[in-house]
> 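Before I ask anything, here is the structure I am working with.
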Number of protein chains: 2
Amino acid sequence: MNDTLDALDQLILKELTRDARLGWSELAARAGVSAPTVRDRVRRLEDTGLIQGFVAELSPRALGYGLEAIVRFKPFPGKVHILADRIIATDRIVQCDKVTGEDAFVARMLLRDIAELDGLLEPFTAHASTQTAIVKSSPVPMRPPPLIE
Amino acid sequence: MNDTLDALDQLILKELTRDARLGWSELAARAGVSAPTVRDRVRRLEDTGLIQGFVAELSPRALGYGLEAIVRFKPFPGKVHILADRIIATDRIVQCDKVTGEDAFVARMLLRDIAELDGLLEPFTAHASTQTAIVKSSPVPMRPPPLIE
DNA sequence: GTTGAAAGACTTTAATT
DNA sequence: AATTAAAGTCTTTCAAC
């Protein structure tokens with residue numbers, strides 16, 4: 001699965017999870033090795049799938065989404081599949097997991113304001129009951145997994 | 001809050017949310033403008049806070065985390081603050097939101113295997129009751145917000 | 001697996017439209 | 001606000017250790 005991360009790999013991952021646009025030479029300087037070396041390491045980390053990709057993170061608030069909600073969906077009998085399809089097709093849902101238990105899906109939904117909530121959930125009323133919680137703050141904004149071997 | 005995104009901004013954001021390491025010249029070619037122009041746009045998008053940062057995404061599975069759990073915490077009276085502190089200090093919790101309702105915190109936790117669950121929740125038993133759901137799949141892995149103005 | 005050096009490609013600045 | 005051109009810098013390849 002993963003051939004143990006040495007100190008260099010760990011340093012590279014730490015830097016790239018902070019700033020994915022760091023150049024090879026800057027990364028090399030911080031790591032105390034040559035540019036071709038870090039480039040090689042990163043390519044290997046990508047090839048093994050440990051680095052899944054490099055992405056820009058956008059601010060929902062700056063985009064006009066004033067609210068986030070956590071919505072739990074409890075599917076009606078026989079509706080699990082169509083519910084999943086609807087969730088995937090709803091682009092205001094920016095994250096969703098299928099989980100054990102009665103509330104089969106847990107989703108994160110973006111709202112311009114609270115007035116939008118009813119309308120956004122309406123398409124799901126035929127397929128599931130929902131429970132909604134409004135996000136008041138995010139004590140742990142998405143952060144990288146601890147690096148273990 | 002945000003001075004409307006024109007077609008160029010939108011294209012740039014779309015590309016950078018797919019590959020944050022794209023070079024200016026490649027981005028410029030895809031957008032049909034010059035390199036200094038895209039560089040300028042991206043700088044402005046960063047300055048306005050719309051682009052929060054560029055990060056490498058790591059694979060929890062490739063790091064040896066075979067399971068993910070969604071844990072809901074219902075704090076005991078007077079324990080909200082210490083609970084929040086413990087959550088923040090737990091690096092296996094890679095995301096946590098404080099939400100409305102009885103289950104004041106909703107967290108995403110990484111587990112090497114199911115045997116770890118009890119031990120990881122044990123430190124919280126003095127401060128909250130918990131409800132745990134195991135992630136079976138992720139129909140919507142974290143994706144960018146829809147771009148609106 | 002890592003390095004150093006050279007060629008080539010990219011980025012950045014500044015002047016211009 | 002975007003472009004061009006030039007200077008500087010970074011990246012990449014490859015031979016060597």
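Sequence lines set the chain letters: A, B, ... in the order given, protein chains first and strands last, and positions in each chain run from 1.
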> When the side chains of residues 121-140 of chain B are checked against the rest of the protein, which donor-acceptor pairs come out under 3.5 Å, sequence neighbours left out?
| residue | atom | partner | partner atom | Å |
| --- | --- | --- | --- | --- |
| B:T125 | OG1 | B:E122 | O | 2.7 |
| B:Q131 | OE1 | B:R72 | NH2 | 2.9 |
| B:S138 | OG | A:D97 | OD1 | 2.6 |

> Side-chain heavy atoms under 4.5 Å apart, restricted to Ile/Leu/Val/Met/Phe/Trp/Tyr: what other residues fall into the cluster of B:I82, or is it alone?
none
> Restricting to side chain to side chain donor-acceptor pair (under 3.5 Å), what partner residues turn up for A:S59, sequence neighbours left out?
none
> Identify each atom pair where a protein N or O and an N or O of nucleotides 4-9 of chain D are less than 3.5 Å apart, giving names and distance.
none

> Ignoring hydrogens and geometry, is there a side-chain-to-backbone donor-acceptor pair from A:T17 to A:L13 under 3.5 Å?
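Answer holds: yes.
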> Name all residues meeting the side chain to side chain donor-acceptor pair (under 3.5 Å) criterion together with A:S25; count only those two or more places apart in sequence or in a different chain, and write none if there are none.
none
> Would you jot down, in residue-number order, the residues of residues 16-27 of chain B having a non-hydrogen atom under 4.0 Å from DNA chain C?
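Per residue number, the list reads B:G23, B:W24, B:S25.
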> Taking only residues two or more places apart in sequence or in another chain, which ones pass side chain to side chain donor-acceptor pair (under 3.5 Å) with B:Q95?
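Side chain to side chain donor-acceptor pair (under 3.5 Å) check on B:Q95 returns A:Q95, B:R108.
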> Taking any atom closer than 4.0 angstrom to a non-hydrogen atom of chain B, what span of DNA chain C does the protein reach, first nucleotide to last?
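Here the contact window of chain B covers C:dC10 to C:dT13.
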> Using only atom types and a distance under 3.5 Å, with no angle test, would you say the side chain of B:D103 pairs donor to acceptor with the backbone of B:F105?
no
> Could you give the angle between the helix axes at the two ends of the helix from C:dG1-D:dC17 to C:dT17-D:dA1, with five pairs per end, rounded to 10 degrees?
40°
> Please enumerate all residues that pass side chain to side chain donor-acceptor pair (under 3.5 Å) together with A:K74, with sequence neighbours excluded.
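Testing A:K74 for side chain to side chain donor-acceptor pair (under 3.5 Å), a comparison that skips the adjacent residues, returns A:E102.
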> Compare all side-chain heavy atoms of B:D9 with those of B:L50 and state whether any distance is below 4.5 angstrom.
no
> Which ILVMFWY residues can you reach from A:M142 by hopping between side chains whose heavy atoms are under 4.5 Å apart?
B:M142
> Is it possible for you to check whether B:R41 lies under 6.0 Å from the centre of the six-membered ring of B:W24, through NZ or CZ, and within 45° of that ring's axis?
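Geometry flag: not set, cation outside 6.0 Å or 45°.
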> Could you pull out all residues at least two apart from B:E26 that satisfy salt bridge (Lys or Arg N to Asp or Glu O under 4.0 Å)?
B:R30
